[in-house]
K.L.:
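Take this structure first; my questions come after.
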Amino acid sequence: MKIVCIGGGPAGLYFGLLMKLRHPDNDVTVIERNRPYDTFGWGVVFSDATMENLRQADPVSARTIGEAFNHWDDIDIHFKGRTMRSGGHGFIGIGRKRLLNILQARCEEVGVKLVFETFVQDDQEIARQYDADLVIASDGINSQVRGRYAATFQPDIDQRRCRFVWLGTRKVFDAFTFAFVQTEHGWFQAHAYRFEDGLSTFIVETPEETWQAAGIERMSQEEGIAYCEKLFAPWLDGHPLMSNASHLRGSAIWIRFPRVICDTWVHWNTLETARGLRDVPVVLMGDAAHTAHFSIGSGTKLALEDAIELARCVDASPGNLPGALKQYEAVRSVEVLKIQNAARNSTEWFENVARYADLPPEQFAYSLLTRSQRISHENLRLRDPQWLQGYEGWLAEQGGLPARGGARPPLPMLTPYRARSVTLPNRIVVSPMAMYSCEDGVPGDFHLVHLGARALGGAGLVMVEMTCPSPDGRITPGCPGLWNEDQTRAFTRIVDFVHANSPARIGIQLGHAGRKGSTQLGWQRIDHPLPEGNWPLLSASPLPYLPGVSQVPREMTRADMDRVRDEFAAAAARAATAGFDWLELHCAHGYLLSSFISPVTNQRGDEYGGSLENRLRYPLEVFRAVREVWPADKPISVRISAHDWVEGGIDADAAVEIARRFKEAGADMIDCSSGQVSPDQKPVYGRMYQTPFADRVRNEAGIPTIAVGAIFEADHANGIIASGRADLCALARPHLADAAWTLRETARVGYRDIAWPQPYMAGKRQLETNFERAASMAQQDVK
C-alpha cells in the first residue's frame with residue numbers, strides 16, 4: 001500500500017511506523033508542517049496499561065520510550081492548607097518533544113519517509129502526488145482535513161468553559177500534583193508533574209469568568225505567567241514558570257479546551273491518480289477525530305491506540321480496505337466514547353471546583369480522585385488500601401460512629417444517617433416502586449411480604465410506593481391510598497412488622513397522579529386509559545399525557561387546589577398515625593405537582609403559571625400543608641424531576657433553584673430523579689446517570705440529596721456517598737431482583753461486619769465463603 005499521513009504527531013508517526021513494520025513493502029510518508037525538533041506543550045502522561053499496549057505493538061520503540069519515562073505512583077492534593085497524598089496510581093510521563101523524536105527516529109530506521117516544514121493545504125493533491133491508497137488525517141485538534149469534509153465527518157466541537165495555559169518549570173514534583181488557590185475572583189488550579197529530569201509540566205486552569213475577572217485577558221504573556229507564579233509560589237519553591245509558545249501574543253496562550261467528537265471517521269474521494277480513477281479514503285486519527293481533556297491525560301494515549309487498532313484492522317482484512325476501515329471506526333468510536341465520558345466527568349469537576357469548595361479537605365480529595373468515575377471505591381482500595389481505610393474511618397466518624405482503632409471501618413454506604421430525630425442504620429434506600437397490587441387502595445399481604453422482606457434484607461430505609469390522598473389521585477386501580485381508616489390500619493400492620501423485625505426505618509411517598517391517572521396496571525398497557533370505569537383527571541393545564549390516547553385532564557381551579565391540598569394534609573396525618581418514620585412528597589415524573597413545576601406541562605396564564613416562582617407556588621403550598629401536620633421531629637424529602645429531557649423543560653440549573661425553594665419551606669432532603677414528564681423525552685442513560693443532578697443540588701443548593709437511577713453495585717453507592725455527591729442512594733430494580741441486595745453486596749465486596757436477621761445467620765457465612773472462593777478462583781485465572 002501507499003500511505004500518506006498528514007500530520008507528524010504521535011498518531012501519524014505511530015501508524016506509519018506500524019504499517020512499515022508489518023509490511024516493509026508498504027510505501028509510507030508522514031508530512032509535518034513543523035521542523036523536526038519543534039514542539040508545543042511540555043510533557044505527556046500515560047498509564048501503565050498504555051505502555052503495555054505499546055510493548056505489544058512495537059517492543060523496540062516501547063523500550064526506548066520506557067527508558068525515557070519518569071514513573072510515579074502518587075497523587076498530591078493541596079487544598080486549604082492541607083496536603084493529601086494517595087498512592088498506587090501508576091503514571092508515566094515523558095516530554096512531548098522526546099516522544100516525537102523517538103518515534104521519528106524509529107520511523108526513519110524502518111524506512112518511513114518523513115517530510116517536514118510542509119503545510120498540506122489540499123489533501124486531494126497530496127493523495128495524487130503520492131499516488132496514495134490511504135490518507136490519514138492526523139493533523140490535530142484544528143484539523144483542516146476534518147473541516148474540509150465536515151459534511152461527512154459531522155464534527156461536534158464543544159468549547160469548554162475553563163481557560164488553561166500549558167507551562168513548564170524546573171521545579172521537580174515527586175507526585176502528580178493538584179494545587180488549588182482561591183482568589184477574590186474565584187478558584188485557580190494547577191496540574192503539575194515531572195516528565196524528564198529537571199523539568200515538570202505546570203498547567204494552570206480557571207473558569208472563563210474567573211480568568212476575565214482577574215484581568216488576565218488584558219495581560220501580556222509575561223504578565224500572565226508572572227500572575228501564575230505569584231499564585232502558586234508555595235509550590236514552585238522560587239522556580240519560574242516557562243512558556244514555549246513565544247509565537248503567540250498576549251493572552252493567546254490561554255485557551256479553552258475543545259471537546260471534539262465526530263459522527264464518522266472515514267471519507268472517500270474519487271481521484272484521478274497515476275493509476276487511474278480510484279476511490280481513496282481519508283481517515284481521521286488522534287485529535288482530528290476526538291479529544292480527551294488533559295485532566296485525565298488520555299489525548300496521546302487515544303492517538304497511539306487509534307494507530308494500533310487501524311493497523312490491526314488492515315492486517316485482519318487483507319485486500320478489503322473498506323471493511324478494515326469500517327471495523328476501525330466501529331471499535332475505536334466505542335473506546336473513545338468511554339474515555340470521553342470519563343473525560344467529560346473530569347472536565348466538569350474542574351470547571352466547578354467552587355461547587356466542591358465547601359467539602360472538608362478529606363472529602364474534596366476523594367471527590368477529585370474519583371471524579372471521572374473510572375476509579376471506583378474498590379479500585380481505590382486496590383491502589384492505596386491504607387489511604388482508603390483512613391478515609392473510611394474519617395467518614396464513619398463524621399457519621400457519628402466511634403473510632404475503631406486498627407479495625408476496618410464500615411463501608412461508606414453502611415454509615416448511619418440522621419435526619420431530625422430519625423437515624424437510618426445505613427445509606428441504602430429501597431426506592432418507591434409501583435406494585436399495582438392493592439384493592440381499593442388497601443395494601444395487603446403482598447405489601448407486607450414485599451416491604452418486610454426488603455427491610456430484612458438490610459436496607460436502611462424502605463419506601464412505600466407513591467400512595468394517593470384520594471381515589472381520583474391514583475395512577476391505576478391497583479395503587480395504594482391513604483384516604484380512609486382501613487388503609488391506615490393496613491399500613492400500620494406493615495410499619496409495625498418492619499419496626500419489630502429489623503433495624504430499618506420505613507417511609508411513605510405521597511403523590512397525586514394528575515394527568516397520568518386512571519390507567520391500566522403496569523404489566524398491561526402502561527400509561528393507557530382503563531378499558532372502562534375511568535375517572536376524571538386534574539392537571540395544571542388541560543394537556544393529555546399521550547396525545548390522542550390519554551384522557552384530557554381538567555385544568556385545576558382554585559377550589560380543586562384547596563381540596564387536593566387538604567387531601568394531602570389528611571393523608572400525611574394518617575401516615576403519622578400509622579407510625580411511618582419518613583415522608584416523601586412526590587413532585588416528579590409528570591404527576592400532579594410535577595405538572596405545575598415543569599413548563600412543558602404548565603401553560604397557565606394565572607399566578608400559578610409562567611415563571612418558575614409561579615409554577616412552584618402550588619407545590620410549595622401543598623408541601624407546607626403537609627409539613628404542618630407531619631411530626632416536627634420526623635423528616636420530609638421531596639422527589640423532583642431534576643431534568644425533563646425535553647427541550648424547554650426543567651434542567652439541572654432549574655433543579656438547583658427548585659431545591660432551594662423546598663429547602664426554605666422546610667424540606668430535609670431532595671430525591672433527585674428525572675424525566676417521565678413527557679413522552680417526548682430523550683434521556684441520556686448510563687450507570688449512575690442521574691447522580692450528577694443529586695451532586696449539583698446537594699453542593700449548590702446546600703441540601704442533602706438522594707441519588708437514584710442505574711445504581712446497582714456497592715461500588716456505586718460507596719463512591720457516591722464517600723465523594724459527597726449524595727447522602728443516600730435509592731435502588732429500585734436491584735431490589736426487585738434481590739430483596740437482600742444490601743446484605744449480598746456487602747458480602748460480595750468482602751465486608752462482614754453487618755447485622756443479619758438472626759434466623760438467617762446460617763446463610764451469612766456461606767454467602768461470604770462463596771464470594772471469597774469466587775474471588776480466589778478469579779485471581780488464579782489472572783495469574
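Each residue takes its place number in the sequence, starting with 1. The model shown is predicted, which means the values in this text are computed figures rather than measured ones.
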K.L.:
Indicate whether any N or O donor in one side chain lies under 3.5 Å from an N or O acceptor in the other, for His185 and Thr183.
P.N.:
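His185 vs Thr183: no donor-acceptor pair found between side chains.
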
K.L.:
Rounded to the nearest 0.5 Å, how far does CG of Asp671 lie from OG of Ser431?
P.N.:
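Those atoms lie 6.5 Å apart.
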
K.L.:
Angle class for the Phe195/Trp42 ring planes (parallel below 30°, perpendicular above 60°, tilted otherwise)?
P.N.:
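Tilted.
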
K.L.:
Any side-chain donor paired with an acceptor under 3.5 Å for Thr291 and Arg259?
P.N.:
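Side-chain D/A pair, Thr291 to Arg259: absent.
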
K.L.:
To the nearest 0.5 Å, tell me how far Ile650 CD1 sits from Glu657 CD.
P.N.:
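Answer rounded to 0.5 Å: 10.5 Å.
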
K.L.:
Ring pair (Phe, Tyr, Trp, His ring centres under 6.0 Å) for Phe176 and His89? Distances and angles first, verdict last.
P.N.:
CA-CA 9 Å; Phe176 198 115; His89 298 283; 9.6 Å; no

K.L.:
Check for a donor-acceptor pair, side chain of Lys171 on one end and backbone N or O of Trp235 on the other, with a separation under 3.5 Å.
P.N.:
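Pair found, side chain donor or acceptor close to backbone of Trp235.
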
K.L.:
Using a strict cut-off of less than 4.0 Å between a Lys/Arg side-chain nitrogen and an Asp/Glu carboxylate oxygen, indicate whether Arg82 and Glu362 qualify as a salt bridge.
P.N.:
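Yes.
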
K.L.:
Run the ring-centre check on Phe178 versus His78 and record whether the distance is less than 6.0 Å.
P.N.:
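Ring centroids of Phe178 and His78 are no less than 6.0 Å from each other.
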
K.L.:
How about Phe164 and Phe294: are their ring centres within less than 6.0 Å of each other?
P.N.:
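When the ring centroids of Phe164 and Phe294 are compared, they turn out to be within the sub-6.0 Å range.
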
K.L.:
Could you walk me through whether Arg661 and Glu664 pass salt bridge (Lys or Arg N to Asp or Glu O under 4.0 Å), step by step?
P.N.:
CA-CA 5 Å; Arg661 298 298 303 278; Glu664 292 167 1; 3.6 Å; yes

K.L.:
What distance do Ile721 atom CD1 and Leu728 atom CG have between them, rounded to the nearest 0.5 Å?
P.N.:
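Rounded to the nearest 0.5 Å, the CD1-CG separation comes to 6.0 Å.
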
K.L.:
Indicate yes or no: does Glu335 engage Arg332 in a salt bridge with an N to O separation below 4.0 Å.
P.N.:
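Salt bridge flag = no for Arg332 with Glu335.
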
K.L.:
Give every residue pair that meets the salt bridge (Lys or Arg N to Asp or Glu O under 4.0 Å) criterion with at least one member in residues 690-710, sequence neighbours excluded.
P.N.:
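Every salt bridge (Lys or Arg N to Asp or Glu O under 4.0 Å) pair that includes a residue of residues 690-710, provided the two are not neighbours, is Arg355-Glu700, Asp653-Arg696, Asp695-Arg725, Arg696-Glu700, Arg698-Asp727.
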
K.L.:
Could you tell me if the ring centre of Trp166 sits under 6.0 Å from that of Phe257?
P.N.:
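Judged by ring-centre distance (under 6.0 Å), Trp166 and Phe257 do not meet the cut-off.
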
K.L.:
Quick check on the 6.0 Å ring-centre criterion: do Phe173 and Trp72 meet it?
P.N.:
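That pair fails the under 6.0 Å test.
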
K.L.:
With Glu208 as reference, evaluate Arg163, Arg160, Arg161 under the salt bridge (charged side-chain N to carboxylate O under 4.0 Å, His left out) test and give the passing residue.
P.N.:
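Between Glu208 and the candidates, salt bridge (charged side-chain N to carboxylate O under 4.0 Å, His left out) is satisfied uniquely by Arg163.
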
K.L.:
With Tyr366, which residues qualify under ring pair (Phe, Tyr, Trp, His ring centres under 6.0 Å), at least two apart?
P.N.:
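For Tyr366 the ring pair (Phe, Tyr, Trp, His ring centres under 6.0 Å) partners, ignoring immediate neighbours, are His377, Tyr391.
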
K.L.:
Tell me whether the centres of the aromatic rings in Phe188 and Tyr227 are closer together than 6.0 Å.
P.N.:
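Ring centres of Tyr227 and Phe188 closer than 6.0 Å.
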
K.L.:
Check this for me: does any side-chain nitrogen of one of Asp715 and Arg381 sit under 4.0 Å from a carboxylate oxygen of the other?
P.N.:
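Result for this pair is no, no salt bridge flagged.
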
K.L.:
Mind checking the CG-CZ spacing from Asn352 to Arg371? Nearest 0.5 Å is all I need.
P.N.:
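So the gap between those two atoms works out to 13.5 Å.
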
K.L.:
Determine, for Asp158 against Arg344, whether the closest basic-nitrogen to carboxylate-oxygen distance falls under 4.0 angstrom.
P.N.:
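Judged by the 4.0 Å cut-off on N to carboxylate O distance, Asp158 and Arg344 do not form a salt bridge.
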
K.L.:
Between Ser637 and Glu584, is any side-chain donor less than 3.5 angstrom from a side-chain acceptor?
P.N.:
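Checked: Ser637/Glu584 side chains pair up, N/O donor to acceptor below 3.5 Å.
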
